[in-house]
Amino acid sequence: MQKLAIQGGNSLRGDVRISGAKNAALPIMCASLLSADTLHLSNVPDLHDVVTMRKLLVQMGVNIVVREGELSLHGAQIDKLEAPYDMVKTMRASVLVLGPLIARFGEARVSLPGGCAIGSRPVDQHIKGLQAMGAIISIEHGYIHAQVPQGGKLKGARIFFDIVSVTGTENLMMAATLAKGSTVLENAAREPEVVDLAHCLIAMGAKIAGAGSDTITITGVEKLHGASHRIMPDRIESGTFLVAAAATQGNIVLHDTRADILDTILEKLIEAGAHIRVGKDEIALSMQVALKSVNLRTAPYPAFPTDMQAQFMTLNTIAEGSAMMVETIFENRFMHVQELRRLGAQIDIEGNTALVRGTPKLEGATVMATDLRASASLVIAGLVAEGETIIDRIYHLDRGYERIEAKLSQLGANIRRIK
Ligand code: EPZ
C-alpha cells in the first residue's frame, strides 16, 4: 500500500501544467464504441481510471494504440458486449459503455455499479431513459441486461431526468446519436464535460444541439465516423491546485487550463482573500492576506461543484472565522471530516451540513484517504500542517490526479511517495 509523506509549511510557488479532464476523457473513450472508425484523442490524462477504462474497452474488442498523452481507439472488431463486475466495481464510470453498446449493437450486459464511499449512486435515470428509447432492461444476478427487441434500433424519445445526472446525461446522449428519430433530454446536466463529449460526438458526425443547457436535442443518424478530439482541461485539478496555493499563502500560475468553467471556484477563492488573474489558458493566484472562511453549498453546474467541497473544507479549517458547508449532491461526502479532525480541525456535522471553525494551525498526523477528492483535501491539509503528515491508501488519489506529488514538488512542496 503506497503512502504520501508531507512536511508542512512550504508556500507553493511557480508554474504547473493542468492535465486533461478525467471526467471528460472517460465518457469520450466510451464514444469509440459508437463507430467502426478510429477516434484519435489528445491531452488524455495519465490516470488510473483511464487505464481501467482502456482495459474495459480492450476486453470488448476495441483496439487501442497508446502514446504519451494520446489514445487511438478503433471500434471495428467489438466482440463482447459486456462490462464485467470485477472492472465495474473499481470504477463506476464503466456504466458509460451501456448507452453506446445498446445504440450500436442493440444489446449490452453491464454489471450494476456498486455504491461507493460517497454514496449509493444508483443508475435508475440511465435505465429509465434507455427504456423510454425502447430498450428492454432486466436486472439479473447484479447485471443490467439491455436489449432492443428483434435486433432493432433505439427510438428517439423525450426524456425528463428526475435528478440532474452527469453520466446519466452522457449515457443517454451517446445512445441517442444512433437512435431512429429525435431525442430530447430535459433537466440534463450542464457540466463542461458533457459539452466536451458533445463536441467529440459532433466531430464524429452526430447531430446534437443544446449541450451545456438543461435541454439537449439529439437527432439520430445512421452511423458515426472517426474523428480527432483534444480532451478539455481538468477544472477540478485546476481548482485543487488553486486551493492548495491559497492555503499555503502561495503564488502560482496554472497553464493549459480554462478560467471560463471555474467561475464559482474563482469567486469563492477571491472571497477567501486570494488575488486572481486570468489569461487565455492561464490562471494566476497569489495569497498575501490571512484566509477568510467561505460558506458554500454544492449543486449541479454552473453552481459550486461537489468535487471541490472537500478541498475548500481544508481551506476553511485554517481560515479566520467559521463557515457553513452544505453538500447537496451525495449523501455521504464528508468522509474527509474525521481525518481532518485528526489533524486538529474543528468541524461539526449536522446531516448534510458541516460547520467549520477556523483554527490557527493544523498538526501533522497519519491519516487515511477514503475517496478521490477527500484524498486531495488531506494532501492540502498536509501541506499546511505543522510537521509530518502521512496519507495512507493513496490509490484513491492516483485515480484522478496525474503525478500529483511531482507537480506539487515542482511548486516547492516537501512531499514524497513511500512504499
Ligand atoms: C459524475 O458522477 C462525476 N463522475 C463525479 O465525479 C461527480 O462528483 C458527479 O458527476 C457530480 O458532479 C464522472 O463524471 C465520471 P451524478 P455521476 O449521476 O455521473 C444521483 C470525481 O470525483 N443519481 O451526476 O455518477 C446520484 O446518486 C467523481 O471525479 C441518481 O439518483 O454523478 C447523486 O446523488 C466523483 N440516479 C446525484 O444524482 C441516477 O441514475 C448526482 O449524480 C444517477 C444519479
Side-chain angles (χ1 to χ4, degrees), residues 19-31 45 47-50 52-53 56 88 90-99 110 112-132 137 139 144 159-175 185 187-197 214 231-232 234-240 261 264-265 298-311 327-333 335-336 352 369-377 396-402 404:
S19 303
K22 167 176 87 80
N23 291 349
L26 296 176
I28 287 171
M29 287 170 73
C30 295
L47 300 172
H48 197 265
D49 273 8
V50 169
T52 303
M53 185 60 86
L56 175 62
V88 176
T90 64
M91 185 182 64
R92 300 178 34 75
S94 310
V95 73
L96 285 164
V97 303
L98 183 60
V110 174
L112 261 179
C116 72
I118 61 178
S120 64
R121 301 181 72 181
V123 289
D124 57 297
Q125 300 295 305
H126 303 236
I127 290 170
K128 170 186 142 178
L130 290 171
Q131 287 173 323
I137 296 190
I139 310 285
I144 302 166
I159 298 160
F160 192 97
F161 283 93
D162 303 322
I163 185 167
V164 174
S165 166
V166 174
T167 50
T169 301
E170 292 166 345
N171 231 339
L172 297 182
M173 182 161 72
M174 287 192 280
L185 302 180
N187 197 26
R190 299 169 53 188
E191 270 67 6
E193 293 75 22
V194 173
V195 177
D196 206 39
L197 171 62
D214 61 4
I231 303 292
M232 64 175 277
D234 194 314
R235 64 191 167 101
I236 305 302
E237 185 195 21
S238 301
T240 302
I261 52 176
T264 51
I265 295 168
T298 68
Y301 192 88
F304 189 90
T306 174
D307 291 350
M308 284 299 302
Q309 176 257 109
Q311 299 91 316
E327 172 56 61
T328 72
I329 304 290
F330 291 110
E331 66 267 27
N332 187 30
R333 204 169 196 177
M335 306 283 280
H336 40 289
N352 69 346
T370 51
D371 59 272
L372 171 54
R373 306 304 172 181
S375 323
S377 76
H396 290 290
L397 206 55
D398 296 331
R399 294 189 50 180
Y401 290 96
E402 183 178 317
I404 192 164

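Atoms within each ligand, like the ligands themselves, are counted from 1 in listed order. Computed from a predicted model, the values in this text were never measured in an experiment.
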Heavy-atom side-chain proximity of E193 to L197 below 4.5 angstrom: no

Mode of R92 contact toward ligand 1 - side chain, backbone, both, neither (heavy atoms, under 4.0 Å): side chain

Atom 32 (O) of ligand 1: nearest protein contact (heavy atom, Å): F330 CZ, 4.0 Å

Numbered atoms of ligand 1 (with element) below 4.0 Å of V164, judged on heavy atoms: 24 (O), 38 (O), 41 (C)

Expected output: side-chain N187 to main-chain F160 donor-acceptor under 3.5 Å: no

Of N352, N332, T298, the residue whose pairing with E327 passes side-chain hydrogen bond (donor to acceptor under 3.5 Å, both in side chains): T298

Closest to atom 19 (O) of ligand 1 among T167, D234, N23 (heavy-atom distance): T167

Protein contact to atom 20 (C) of ligand 1 [nearest heavy atom, distance to 0.1 Å]: I163 CD1, 3.8 Å

Check: A93 N/O within less than 3.5 Å of ligand 1 N/O: no

Among V123, D124, I329, T306, closest by any non-hydrogen atom to atom 36 (N) of ligand 1: D124

Proximal ligand 1 atoms for H126, defined as those under 4.0 Å from one of its heavy atoms: 40 (O)

For ligand 1, the portion of K22 having any non-hydrogen atom under 4.0 Å away: side chain

Option whose closest heavy atom lies nearest to atom 44 (C) of ligand 1, chosen from G129, P122, P27, P305: P122

K128 side chain to I159 backbone, donor-acceptor under 3.5 Å: no

I236 to ligand 1, any heavy atom closer than 4.0 Å: no

R333/D307 salt bridge by N-O under 4.0 Å criterion: yes

Backbone N/O of H396 and side chain of S375: donor-acceptor pair under 3.5 Å: no

Pair L172-Q125, side-chain contact (heavy atoms from CB on, under 4.5 Å): steps then yes or no: CA-CA 9 Å; L172 297 182; Q125 300 295 305; over 6 Å; no

Closest protein heavy atom (residue, atom, distance) for atom 16 (P) of ligand 1: V166 N, 3.7 Å

Atom 25 (O) of ligand 1 - nearest protein heavy atom and its distance: R121 NH2, 3.1 Å

Identity and distance of the protein heavy atom lying nearest atom 8 (O) of ligand 1: D307 OD1, 2.6 Å

Heavy-atom check, side chain of I236 versus side chain of K22, under 4.5 Å: no

Whether E237 side chain and S19 backbone form a donor-acceptor pair below 3.5 Å: yes

Heavy-atom side-chain proximity of V195 to R190 below 4.5 angstrom: no

M53, R333, Q309: member with heavy atom nearest to atom 35 (C) of ligand 1: R333

Side chain, backbone, both or neither: R373 near ligand 1, heavy atoms under 4.0 Å: side chain

Chi angles and distances behind the side-chain contact (heavy atoms from CB on, under 4.5 Å) call for L372, Y401: CA-CA 9 Å; L372 171 54; Y401 290 96; 3.7 Å; yes

Nearest candidate to atom 18 (O) of ligand 1, where distance is taken over non-hydrogen atoms, out of S165, A25, A376: S165

Heavy-atom check, side chain of L26 versus side chain of M91, under 4.5 Å: yes

Numbering as shown, the atoms of ligand 1 that approach Q125 to under 4.0 Å (heavy-atom distance): 36 (N), 39 (C), 40 (O)

L372 contact mode with ligand 1 (heavy-atom cut-off under 4.0 Å): side chain

